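The next block holds one structure in the form of structure tokens; read it before the comments.
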Amino acid sequence: MGEGGAVAATQRSGTGPVAQPITTAAGHFLRSLARGGSTPSRLRLLMVVTAVLAVLFAVLGAFGVGRRDASLSAATDAAQQLIDVQNVQVSLVRADALASENYLRGTEDPAKRTQYVQELQLVSTGLVAVGNRVLAADAALLADVSASLGEYSGLVEQARANNRQGYPVGAAYLRNANAVAADMVVTLREVQVSLRKQVNDNLDRADKAGVWLHVVGWPLLLVVVAGSAWMTARFRRVVNVPVAAGGLLLLVLLVFGGISQGSSMSDAEAATSGPLQSADLVAQARSAAFDAHSQEFFTLINRGNAQSNEVNWDTARADADTALQRLCGRTNECELGELFSTYAQRYEEMRALDNDEGDWDAAVALSLGDANTAFDAFAVSSQSAADDYTDRAVSALGSSSDGLSTLRVVVFIGGLGIAVLALLGYGQRLREYR
Amino acid sequence: MTRPSRRRLGATLSAALLCAGCVSGGRLPDAVAGSVVPPDDNSVSYPACTADEAAANNPLSSFAPLDSLPSPEGPFDDETLQEIFERGTLRVGISADTLLFGARNLEYVAGNAEGRLAYEGFDIDVVTQVALAIFGGDQTTIGSHIEFVAIPYRDRIPKLQSGEVDVVAHTMTINCTRWKQIAFSAEYFRAGQRVLVLKGSSYDGIDALAAAGASVCVPDGSTNQEALALYPEVDAVTVVDISDCLVLLQQGSVAAITGDDTVLAGLAVQDPATVVVGEQFTEEPYGLGIAADRVDFVRFVNAVLVEMVDDGRWESLYEKWLVPLLAAEAPAAPDQLHDRPLP
């Protein structure tokens, strides 16, 4: 083929639709290609631009996939820590409810005492375990909670000792213990706010990381297609095999890489908006419910001075109701809400006995009898639901990033391969001019 | 592949390829926080007596007692007494946690043969004497004729006004303002504000604490707090309940507690390492509260109280509950004044 034909072909392509920019960078490149210069220099330009873009694609694409992989793993870790901190909080408020229940009984129920000790142990070991994994600022807050745990259990023991002797000051110690526990819960909630933000921030980072695969990939594909089309026209051959193979490889990487990344992101988001949110709501409902149960006992312990405990019960009930209604709306699993409502009805009956009829003994009997039974039904079912949602959330989140580390390697090697194919393809044509 | 499957695949591809960097849903929402409407404020405030009102009637003066007590088991001329008798129970508003005056009896078992009541204390025993005067019998049987209703301080007057209780025996101070809402029996106990310290403490009263600028715990919003304000040198530490003051004293956070000596004595029982010291620096005359329109019932109760003082039962009760915690021996009973004009 002579030089004049190539020029003519170049001039034709310079006035044709190929010059229409699709992206600014690609358009600029194509206009440069069309403006002129000798064929070998154009071939060299195409070869260098394609190879550089391919290397960039390899580096940025692998970086993007790796960033998504790391962000999803971090989101999973933060979600697991959030669940662990919520479990610590539930154990703490449950221990407090058990302590106040046994105080009200006067004569301790040994099984309840054992449960109380077990829940405190769960708080203690849970704080240590999760404290080793969270960020430094959160770890400092958890250390504060750990430090308060000794004070809390000391006050409960003082309350027990006084209660055994029938001294009303025991109730004051128990109130103080409850106040310490409430402060600990406030701190645990601060940590949860932080972890909730970490989950969402990491999901946002993972989401945005997906763009790196495409930001160089699609302009590169355009350059490969345009270069291949120009060579086909310029050299009147069907196709340059290495460049076309590079284009095909790139298309495969973009499509399947995009699908794989999109799938991992949608899996993570589905796990977050699905079982993780459900586990979160159940944990919040359980914490509020145990708090309500504790306040219920205090309304009877603090006879004649329990208005604040009734208000606290209303607050805890509202929190539990809100969480359970959201759970019902999201999952159509409304049984927990019904069980909690049954308990709340027993509580209202108990309050009516104490407040309206002045029958404290009957109120205590109802609280330790039917109301307790109703609450236990909620506690058992909600424990089962919490375990189920937690398992599903951790499993789904953990598997959402499966395959991304392999994809990262494939994108990196693939990108380099495209660069090599470009060098080979354009090199073949350049050799024809030597 | 079915058409819906193709559509789903198309949608997935579009989302994957076109929206790689979009921020979408699937995030954790903030934690729930229930909004609670605060309960109605059911606290009651009553207009204070004017100087003229206070001067017109001595608050400590009640209605004249009946000339003689009717035979127990009636019939009674007084409508209220007859109604209580026919009902079979005297409904009494009490405190449930004021040790020595009104507190749960931990040895109580329903139906016990010893006649133990569910509550015990000086107030409980005084009102039991009233019940015995209505229903007869003795300590082993009277429990079935008394319905104890544990009520908070703020409910003492409303429960009487609504008729939910017949009488309130609840360390209730007689004053002119309350006389405008309810009626009182004659004074049956004279309490006063003192201080509780650790045994061996160098503080022997409020003056010593003031001189040292010591920390003294007092329930927030109480009349005891108002009295303590007359000693500005004292470092006042306020808490919600006086039991919390004992916690602070035991933890070494305060040097003393101030309150009615009757209440302090109850705290001293709970901690043998403490002692009530110093002179009373206020006076708190206790009376039994009765609805304002039940004047004849007030007169009946006053007759019971006169008999109790005269036959030594009052002194026995004082010795039973308060010696030696408040005094080495029972003092003379408060003067019972009965000069209030009948309506």
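Small disclaimer: the values here were computed from a predicted structure and weren't measured. A note on names: the letters A, B, ... follow the listed sequences, proteins ahead of strands, and every chain is numbered from 1. Heavy atoms only: backbone and side chains are in, while hydrogens, waters and symmetry mates are out.
The pair A:Asp201-B:Arg27 does not count as a salt bridge, with every side-chain nitrogen at least 4.0 angstrom from each carboxylate oxygen.
Among A:Gln277, A:Lys197, A:Arg189, the residue making the largest number of heavy-atom pairs under 4.5 Å with chain B is A:Gln277. Ranked by non-hydrogen atom pairs under 4.5 Å with chain A, the options B:Pro29, B:Ser95, B:Ala118, B:Gly266 are led by B:Pro29. Across A:Gln165, A:Gln158, A:Gln192, A:Gln284, the residue that shares the most heavy-atom pairs under 4.5 angstrom with chain B is A:Gln284.
Proximity to chain B (any heavy atom under 4.5 Å) is restricted, for A:Leu155, to the side chain, taken from C-beta onward. Contact annotation for A:Asn200: both backbone and side-chain heavy atoms come within less than 4.5 Å of a heavy atom of chain B. Within the 4.5 angstrom heavy-atom criterion, atoms from both the backbone and the side chain of A:Ala323 approach chain B. Only the side chain of B:Arg104 comes within contact range of chain A, with heavy atoms under 4.5 Å apart. For A:Asp356, the part lying under 4.5 angstrom from a heavy atom of chain B is the backbone only.
Within the 4.5 Å cutoff, the side chain of B:Val32 has no heavy atoms near those of the A:Asp321 side chain. By the 4.5 Å heavy-atom criterion applied to side chains, A:Arg175 and B:Ser243 are counted as neighbours. Looking only at side-chain heavy atoms (C-beta outward), B:Asp271 and A:Val169 stay at 4.5 Å or farther from each other.
Note: A:Asp361 CG to B:Phe148 CZ = 11.5 Å, rounded to the nearest 0.5 Å. The distance from atom CG of B:Asp244 to atom OH of A:Tyr173, rounded to the nearest 0.5 Å, is 10.5 Å. Rounded to the nearest 0.5 angstrom, A:Asp280 CG and B:Leu28 CG are separated by 5.5 Å.
Within 6.0 Å of atom CH2 in B:Trp321, more than 12 heavy atoms from other residues, nucleotides or ligands are found, so the atom counts as buried in its surroundings.
What you find for A:Leu203 and B:Gly26 is that their closest heavy atoms are CD1-O, 3.4 Å.
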